[in-house]
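Along the sequence shown, residues are numbered consecutively beginning with 1.
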Amino acid sequence: MNILQVAQETTPKEIVSSATLEKLMDKLIDLGYELGLKIITCLIVYYIGKFIIKWVEKLVHRILERKKIDQSVKSFLGSLVNITLTIMLIMSIIGILGIQTTSFAALIASAGLAIGMAMKDNLGNFAGGVMILFNKPIKIGDYISAQGQEGTVKSIGILYTLLTTADNKTVFIPNGPLSTGNILNFSTQEQRRIDIIVGVDYGTSLSQVKEILNSIISSNPSILQSPVPFVGLQKLNDSSIDFVIRVWAESSEYWNVYYYLNENIYERFTKENINIPFPQLTVHMAGNTTENK
């Protein structure tokens, strides 16, 4: 069978179907080729963009280091730069894929109210982070107590402030409540005062107690002599005479001095037979006065 016979036996419908299929295959190949180029371009842009983002972050970090910007501000700005550049990279990749960025931006704008309502707490945390960096109530390395938590500030992020507790736990505190609540910062002052109250029995020699307490204070070189240490009778309590000890020390030595005083007061009082009273409750039992009727 020659070509002429095949052409004569082929119907017009079959010819049209074959041509349409061929065109469709060509179109699919072209689309696949274009899509493949776009995907390859997106991957190249992604990796180049990530490299540029890291380079810009390092550049910003060096500039802030050169200008001696506070570590807390550097941490916050670093996070902000990273997020901003990442969003720009994503928008660029969307544009390369052929999605209209204007339509995409319009969609985001139209959903802005809903997103804002859903993320109002996070927006508050972001504003709180800005206020913390602006007012500077805390900085990285400070030991603080806030929102029922206590620890050392490790970083101040866009939404959360990271604390490390004394027993090495990690605590994330939202910046919103942190910026509007009470913050007790133990690191802002170079010196701190240690207050200790100790009670002794009634009848104990006041001069002997003061002499012992002053000798304990003078035996510790970490206790500062200016301001002058103070020992005095604070209160005549129900079952004890209460003395107050007020001494000053460097903030870094606070707990060492605190424990030293408590341990040595107990040891010296025990050695000198000075009794430290403890709460007692005396119960009088009434006799059985009920008469049987």
Are V231 and L236 connected into the same hydrophobic cluster when the rule is that any two of I, L, V, M, F, W, Y join if their side-chain heavy atoms are below 4.5 Å apart? yes

Sequence-distant partners of E57, side-chain contact (heavy atoms from CB on, under 4.5 Å), two or more places apart: I53, V81, N82

Step by step, would you call D242 with L233 a side-chain contact (heavy atoms from CB on, under 4.5 Å)? CA-CA 6 Å; D242 293 343; L233 178 61; 5.8 Å; no

Residues S155, Y160; criterion side chain to side chain donor-acceptor pair (under 3.5 Å); working and verdict: CA-CA 8 Å; S155 67; Y160 296 93; over 6 Å; no

What pairs of donor and acceptor atoms, side-chain ones from residues 170-183 against any protein atom, are under 3.5 angstrom apart with sequence neighbours left out?
unit_1: N175; atom_1: OD1; unit_2: T161; atom_2: N; d: 3.3
unit_1: N175; atom_1: OD1; unit_2: T161; atom_2: OG1; d: 2.7
unit_1: N175; atom_1: ND2; unit_2: G157; atom_2: O; d: 3.0
unit_1: N175; atom_1: ND2; unit_2: I158; atom_2: O; d: 3.3
unit_1: N175; atom_1: ND2; unit_2: L159; atom_2: O; d: 3.4
unit_1: S179; atom_1: OG; unit_2: N175; atom_2: O; d: 3.1
unit_1: S179; atom_1: OG; unit_2: G176; atom_2: O; d: 2.8
unit_1: T180; atom_1: OG1; unit_2: G176; atom_2: O; d: 3.2
unit_1: T180; atom_1: OG1; unit_2: P177; atom_2: O; d: 3.4

Using 30° and 60° as the class limits, which term best fits the ring planes of W255 and Y258: parallel, tilted or perpendicular? perpendicular

side-chain contact (heavy atoms from CB on, under 4.5 Å) evaluation trace for L224 with Q191: CA-CA 9 Å; L224 303 176; Q191 300 174 356; 3.5 Å; yes

side-chain hydrogen bond (donor to acceptor under 3.5 Å, both in side chains) partners of T165, counting only residues at least two apart: D167

pair V247-V257: side-chain heavy atoms closer than 4.5 Å: yes

If every non-hydrogen atom of S187 is compared with every non-hydrogen atom of G141, which pair is closest and at what distance? OG-O, 4.3 Å

Give the cluster check for Y259 versus I212: same hydrophobic cluster or not, with ILVMFWY residues linked at side-chain heavy-atom distances below 4.5 Å. yes

Side chains of R268 and I216 in contact at under 4.5 Å (non-hydrogen atoms): yes

Could you tell me whether the side chain of L85 reaches within less than 4.5 Å of the side chain of V56, counting heavy atoms only? yes

Just grab all the ring-ring contact (aromatic ring centres under 6.0 Å, His included) pairs involving residues 201-243, residues at least two apart or on different chains. none

Verify, without hydrogens or angle tests, whether T204 (side chain) and V200 (backbone) share a donor-acceptor contact under 3.5 angstrom. no

Do I197 and I274 belong to the same hydrophobic cluster, where Ile, Leu, Val, Met, Phe, Trp and Tyr are linked whenever their side-chain heavy atoms lie under 4.5 Å apart, directly or via other members? no

Could you list all the side chain to side chain donor-acceptor pair (under 3.5 Å) pairs where at least one residue sits in residues 223-234, not counting sequence neighbours? none

So do the side chains of I245 and D195 get within less than 4.5 Å of each other, counting heavy atoms only? no

I223/L261 under side-chain contact (heavy atoms from CB on, under 4.5 Å): CA gap, chis, key distance, verdict: CA-CA 10 Å; I223 297 176; L261 290 175; 4.0 Å; yes

Around N135, counting heavy atoms of other residues, nucleotides and ligands shown, do more than 12 lie under 6.0 Å from its CG? yes

Whether over 12 other heavy atoms sit under 6.0 Å from Y46 OH: no

Are S251 and Y143 packed together at the side-chain level, in the sense that at least one heavy-atom pair is separated by less than 4.5 angstrom? no

Heavy-atom side-chain proximity of V244 to R246 below 4.5 angstrom: yes

Begin from the C-alpha positions of I265 and F269 and carry the test side-chain contact (heavy atoms from CB on, under 4.5 Å) through to its verdict. CA-CA 6 Å; I265 288 171; F269 278 15; 4.1 Å; yes

Could you tell me if the side chain of Y266 sits less than 4.5 Å from the side chain of N264, heavy atoms only? no

Considering residues at least two apart in sequence or located in another chain, which fulfil the side-chain contact (heavy atoms from CB on, under 4.5 Å) criterion with N275? D201

Please tell me whether L163 and M131 are part of a single hydrophobic cluster in this structure, the criterion being side-chain heavy atoms less than 4.5 Å apart. no

Does N220 use its side chain to pair, donor to acceptor, with the backbone of S222 at less than 3.5 Å? yes

Got a second to check how far L206's CG is from E211's CD, nearest 0.5 Å? 13.0 Å

Evaluate whether atom CD of Q208 has more than 12 neighbouring non-hydrogen atoms of other residues, nucleotides or ligands under 6.0 angstrom away. yes

